**Q** 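Pasting a structure below so you can have a look.
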Amino acid sequence: SLAGVGVTLTWQPASLWQQAANLMLIVGLPVAFGGVGALIVTRRPQNRIGWLLLLPALVSGPLEAAVRYAAVQPDRLPDSLLLLIAWLSSWGWLFLILPLSLTLLLFPTGQPPSARWNWLVPATWLWAGLFIGLVSLLREIRLNVGALDMPLVSRPNPWGVLDDPI
C-alpha cells in the first residue's frame, strides 16, 4: 500500500483532487475493508462476510502498487512480469466487486437467506472465472491504471486469440 502511495506522489497527477482519489484507492480501501473484515473474523471466524471483506484489503494494496510502478517504470521490469501485472490489472477490480456482491447475498449471517439462493454463490465464482478466462485470451493486454494520467503500457499476449472489443 505504501509503495503505491510513493509511486503516486512521485508521478504528480493532474490535480489535487485526483491525487486524493488515488490515495483513497491505495490506502483507504484496504484500511476500511481490512479493518471491518478483521473485526468480523476475530469475533466470528465462521462468518464468510469477514473473509470476503479481507480479500480486497489484502489484494488491492499490493496490486495497485505493482500497477503504478509498472506504469511509471515499464522498462525496468522484465516483459513476463509486466505482462503478469497488466493481466492482473485487467481483471483485478473483481477482487472488489465480487466480495461486495457476495456480501450483499450473505449478509448478516454469512449464509444465503434460504436454500434456493445457494446456487448463486458458485454461479458468481463461475462468472468471475469465465471473465478472467476471456480476458486471458485477448490479443493485447493493457496495464489498467484507472483514471490516472499515466502513459498507456500494453504488450502482446502470447496466448491471445480474441480482439479487444473496445
Side-chain angles (χ1 to χ4, degrees), residues 1-8 17-71 80-138 140-148 157 159-166:
S1 232
L2 293 177
V5 171
V7 171
T8 299
W17 293 107
Q18 188 175 11
Q19 190 171 5
N22 292 335
L23 288 176
M24 282 303 296
L25 178 68
I26 296 171
V27 177
L29 187 74
V31 168
F33 279 89
V36 175
L39 182 66
I40 294 172
V41 166
T42 56
R43 308 281 177 175
R44 298 190 180 266
Q46 73 280 6
N47 193 323
R48 289 188 247 172
I49 293 175
W51 296 106
L52 286 172
L53 290 177
L54 279 176
L55 183 63
L58 296 174
V59 174
S60 67
L63 181 60
E64 284 298 318
V67 165
R68 289 163 199 277
Y69 181 77
S80 58
L81 183 59
L82 186 62
L83 185 65
L84 176 67
I85 293 171
W87 177 69
L88 286 171
S89 76
S90 62
W91 58 267
W93 54 270
L94 281 175
F95 288 117
L96 176 65
I97 300 299
L98 201 63
L100 284 179
S101 62
L102 287 173
T103 299
L104 291 174
L105 173 67
L106 302 175
F107 186 80
T109 62
Q111 302 293 325
S114 69
R116 36 174 223 203
W117 291 88
N118 285 340
W119 68 271
L120 202 51
V121 174
T124 305
W125 290 108
L126 179 65
W127 171 83
L130 289 173
F131 180 80
I132 293 168
L134 285 175
V135 167
S136 301
L137 294 176
L138 292 176
E140 182 180 62
I141 295 181
R142 281 179 245 144
L143 193 62
N144 184 7
V145 288
L148 292 178
N157 185 359
W159 305 284
V161 293
L162 300 174
D163 290 327
D164 194 352
I166 298 175

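The shown structure was predicted, so the numbers you read here are calculated from the model rather than taken from an experiment.
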**Q** Which side-chain N or O atoms in residues 94-113 pair as donor and acceptor under 3.5 Å with protein atoms at least two apart or in another chain?
**A**
from: Ser101; atom 1: OG; to: Ile97; atom 2: O; distance (Å): 3.2
from: Ser101; atom 1: OG; to: Leu98; atom 2: O; distance (Å): 2.9
from: Thr103; atom 1: OG1; to: Pro99; atom 2: O; distance (Å): 2.6
from: Thr109; atom 1: OG1; to: Gln111; atom 2: N; distance (Å): 3.2
from: Gln111; atom 1: OE1; to: Arg48; atom 2: NH2; distance (Å): 3.0

**Q** Which heavy atom of Leu54 sits nearest a heavy atom of Gly34, and at what distance?
**A** CD2-O, 3.8 Å

**Q** Nearest 0.5 angstrom please: Ile132 CD1 to Trp87 CH2, how far?
**A** 6.5 Å

**Q** Crowded around Trp51 CH2? As in, over 12 foreign heavy atoms under 6.0 Å?
**A** no

**Q** Nearest 0.5 Å please: distance from the CG atom of Leu55 over to the CZ atom of Phe33.
**A** 10.5 Å

**Q** What pairs with Ala86 under side chain to side chain contact (heavy atoms under 4.5 Å, CB included), at least two apart in sequence or on another chain?
**A** Ile141, Leu143

**Q** With side chains defined as the heavy atoms from C-beta onward, is the minimum distance between Ser114 and Trp117 less than 4.5 Å?
**A** yes

**Q** Could you tell me the separation between the CG atom of Leu84 and the OG atom of Ser89, rounded to the nearest 0.5 Å?
**A** 10.0 Å

**Q** List the atom of Gly92, the atom of Leu63, and the distance in Å for their closest heavy-atom pair.
**A** CA-CD2, 3.8 Å

**Q** So which heavy atom on Asn47 is nearest to which on Ile49, and how close?
**A** OD1-N, 3.0 Å

**Q** In chain order, what residues pass the ring pair (Phe, Tyr, Trp, His ring centres under 6.0 Å) check against Phe131, with sequence neighbours excluded?
**A** Trp93

